[in-house]
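Worksheet: one structure, shown below.
Quick caveat: nothing in here was measured; it's all calculated off a predicted structure. Nothing fancy with the numbering, it's 1 onward along the sequence.
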Amino acid sequence: MTDSHNRFLGDRALAPETLMMGYGYDPFLSERSLKPPVFQTSTFVFRSAQDGKEFSSWPTACGKSAPMKSPG
């Protein structure tokens, strides 16, 4: 296991902001990347399951005489 709490890079002290970005992160517990990876995800909210279904299926319905809809 590597020491993930290094406070120096060579002979240069790391700023508190830099230390905070990786605090407690162990590369071997995730994807083994040096810094924590950023996963860009989205969560959508709909009034009903039917609204969600219609939103998700609109690209396939656009070519079938469906009224044009905004991609949201």
Of all heavy-atom pairs between S33 and P27, which one has the smallest distance, and what is that distance? O-CB, 3.3 Å
Once rounded to the nearest 0.5 Å, what's the spacing between atom CG of L19 and atom CZ of F8?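 That separation rounds to 9.5 Å.
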Show me the donor-acceptor pairs within less than 3.5 Å that the side chains of residues 10-17 make with the rest of the protein, sequence neighbours left out.
none

Among residues at least two apart in sequence or on other chains, which ones pass side chain to side chain contact (heavy atoms under 4.5 Å, CB included) with Q50?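 By the side chain to side chain contact (heavy atoms under 4.5 Å, CB included) rule, Q50 matches S48, K53, E54.
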